[in-house]
2 protein chains.
Amino acid sequence: MLSKKAKYGLQAIIFLAKEEKKKKGPIQISELAEKENIPKKFLEIILLEMRKQGILHSKMGAGGGYSLGKSADKISIGQIVRLLDGPLAQVSCLSKTAYHKCDECKDEKTCEIRKVMKKVHESTARILDRTSLADAVKGKVNI
Amino acid sequence: MLSKKAKYGLQAIIFLAKEEKKKKGPIQISELAEKENIPKKFLEIILLEMRKQGILHSKMGAGGGYSLGKSADKISIGQIVRLLDGPLAQVSCLSKTAYHKCDECKDEKTCEIRKVMKKVHESTARILDRTSLADAVKGKVNI
DNA sequence: TAGATTATCTATTAAACAAATAGATTAAAC
DNA sequence: GTTTAATCTATTTGTTTAATAGATAATCTA
């Protein structure tokens, strides 16, 4: 399951991507929180994390707010989910972004669990990394 | 990520499936715990849950222990994971076994997050539901 | 330059969940 | 009736999730 954090983050960035098209400058946290029904303070934390990764851009002060940090077709859904919820892999020995040998595992080569989850991970990563924010907004999912 | 519970459970049932072939009667929790390096008391809980679902069978008293509750080709990996870690779906509105409307969601039909995660869920469920315990033990994964 | 606006930082909290442990009880075999 | 092994009841510890509060820093406008 996605955490609320990841869900809120996705909702927010999708909202921003849609606004981007209207060319009306940055959106304030409070507006975003209200429109998407997300607890404001929690949203602050989430947006900040995305900004630190460069997928969002922010501006302080009057007339400030949040906007996309790069073009929506350069942001993948996978990147967002990994950032907010951690690795996509079901077992850490499969993660490319955060590899870590499983504690109990005797032999990665013969581990049956790993073998099954490898397929799951591959198909998940494939979909999420190939589908950009721009695609998602259009309702297009690349398999 | 799989929880330790699910990982332990899979390790244990795979072990049992392999033993089944040797036709040597049930395996005791303590042996299982030792061979697979799983905390015994924790393993008890896990095995019990699987027994209650009918995928394991147990026998008390001397000479007792655990064995598969049905043939390994009638147990899917998906069933085990769902049992121990809950629904496979990334968002509850996609789960067939535990459907639940998302709190914040305005319209399921147009939700972009749902649309992407639907594909992920479909491919995950496909793999895990089509791969039986017997397959997994053979190192075979059905896509 | 003062005041308003808006993001950012530091800190804290409550509740839920994950992971594990301890001890008593029940069922079966011999 | 003693031994073996699963089962039940209860508790504990630590971590994570989700959220809130209040102070601070940057930017705009009048």
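Chain letters run A, B, ... following the sequence lines, proteins first, then strands; residues in each count from 1. What you see is a predicted model; the values in this text were computed from it and never measured. Keep in mind that the numbers below use all heavy atoms, side chains included, and drop hydrogens, waters and symmetry copies.
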ask   = For residues 27-39 of chain B, which residues have at least one heavy atom under 4.0 Å from DNA chain D?
value =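 Those residues are B:Ile27, B:Gln28, B:Ile29.
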inquiry  = Heavy atoms within less than 4.0 Å of DNA chain D: which residues of residues 7-16 of chain A have one? Give them sorted by number.
reply    =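 Contacts with DNA chain D under 4.0 Å: A:Tyr8.
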Rounded to whole Å, please give me the gap between [atom1] in [X] and [atom2] in [N].
| X | N | atom1 | atom2 | value |
| --- | --- | --- | --- | --- |
| A:Leu43 | C:dT8 | CG | P | 11 Å |
| A:Leu48 | C:dC9 | CG | C1' | 9 Å |
| A:Met1 | C:dA16 | CE | C1' | 16 Å |
| B:Leu2 | C:dA19 | CG | P | 10 Å |
| A:Ile46 | D:dA18 | CD1 | P | 9 Å |
| B:Phe42 | D:dT12 | CZ | C1' | 14 Å |
| A:Leu47 | D:dA18 | CG | P | 16 Å |
| B:Arg51 | D:dA5 | CZ | P | 18 Å |

ask   = So what does B:Lys40 hit on the nucleic acid, given a heavy-atom distance under 4.0 Å: a base, only sugar-phosphate, or nothing?
value =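 If one applies the 4.0 Å heavy-atom cut-off, B:Lys40 turns out to touch nothing in the nucleic acid.
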Nucleic acid footprint by protein, nucleotides 22-30 of chain D - heavy-atom cut-off 4.0 Å, B for base, S for sugar-phosphate alone = B--BBBS--
ask   = Reckon B:Lys52 has a side-chain N or O less than 4.0 Å from the OP1 or OP2 of D:dC8?
value =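 B:Lys52 to D:dC8 OP1/OP2: side-chain N or O found under 4.0 Å.
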ask   = Given C:dT8, is OP1 or OP2 found less than 4.0 Å from the side-chain N or O atoms of A:Ser58?
value =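 True: A:Ser58 side-chain N/O within range (under 4.0 Å) of C:dT8 OP1/OP2.
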query = Could you walk me through whether B:Lys41 and B:Glu44 pass the salt bridge (Lys or Arg N to Asp or Glu O under 4.0 Å) check?
reply = CA-CA 5 Å; B:Lys41 279 291 182 178; B:Glu44 282 183 15; 3.7 Å; yes
Under 3.5 Å, which donor-acceptor pairs do the side chains of residues 132-143 of chain A form with other protein atoms, sequence neighbours left out?
unit_1, atom_1, unit_2, atom_2, d
A:Ser132, OG, A:Ala134, N, 3.3
A:Ser132, OG, A:Asp135, N, 3.0
A:Ser132, OG, A:Asp135, OD2, 3.2
A:Asp135, OD2, A:Ser132, N, 3.1
A:Asp135, OD2, A:Asn142, ND2, 2.8
A:Asn142, ND2, A:Arg130, O, 2.9

inquiry  = What's the angle between the local helix axes at either end of the helix from C:dT1-D:dA30 to C:dC30-D:dG1, using five pairs per end and rounding to 10 degrees?
reply    =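 Answer rounded to 10°: the end axes differ by 10°.
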ask   = Where is the tightest heavy-atom contact between B:Ile29 and B:Lys40, given as atom of each residue plus distance?
value =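 That would be CG2-CG, 3.9 Å.
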key: 5′-ward residue of the pair A:Asp85/A:Ile45 relative to DNA chain D   =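 Closer to the 5' end of DNA chain D: A:Asp85.
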key: N/O donor-acceptor pair under 3.5 Å between A:Lys101 side chain and A:Cys105 backbone   =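 Yes, because the side chain of A:Lys101 sits within donor-acceptor range (under 3.5 Å) of the backbone of A:Cys105.
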inquiry  = Less than 4.0 angstrom from a charged side-chain N to a carboxylate O is my criterion; do A:Glu122 and A:Arg126 meet it?
reply    =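 Judged by the 4.0 Å cut-off on N to carboxylate O distance, A:Glu122 and A:Arg126 do not form a salt bridge.
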ask   = Do A:Lys24 and A:Glu19 meet the salt-bridge criterion of a basic N to acidic O distance under 4.0 Å?
value =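 Not counted as a salt bridge, because no side-chain N and carboxylate O are separated by less than 4.0 Å.
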ask   = Who pairs with A:Glu34 by salt bridge (Lys or Arg N to Asp or Glu O under 4.0 Å), at least two apart in sequence or on another chain?
value =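 Salt bridge (Lys or Arg N to Asp or Glu O under 4.0 Å) check on A:Glu34 returns nothing, list empty.
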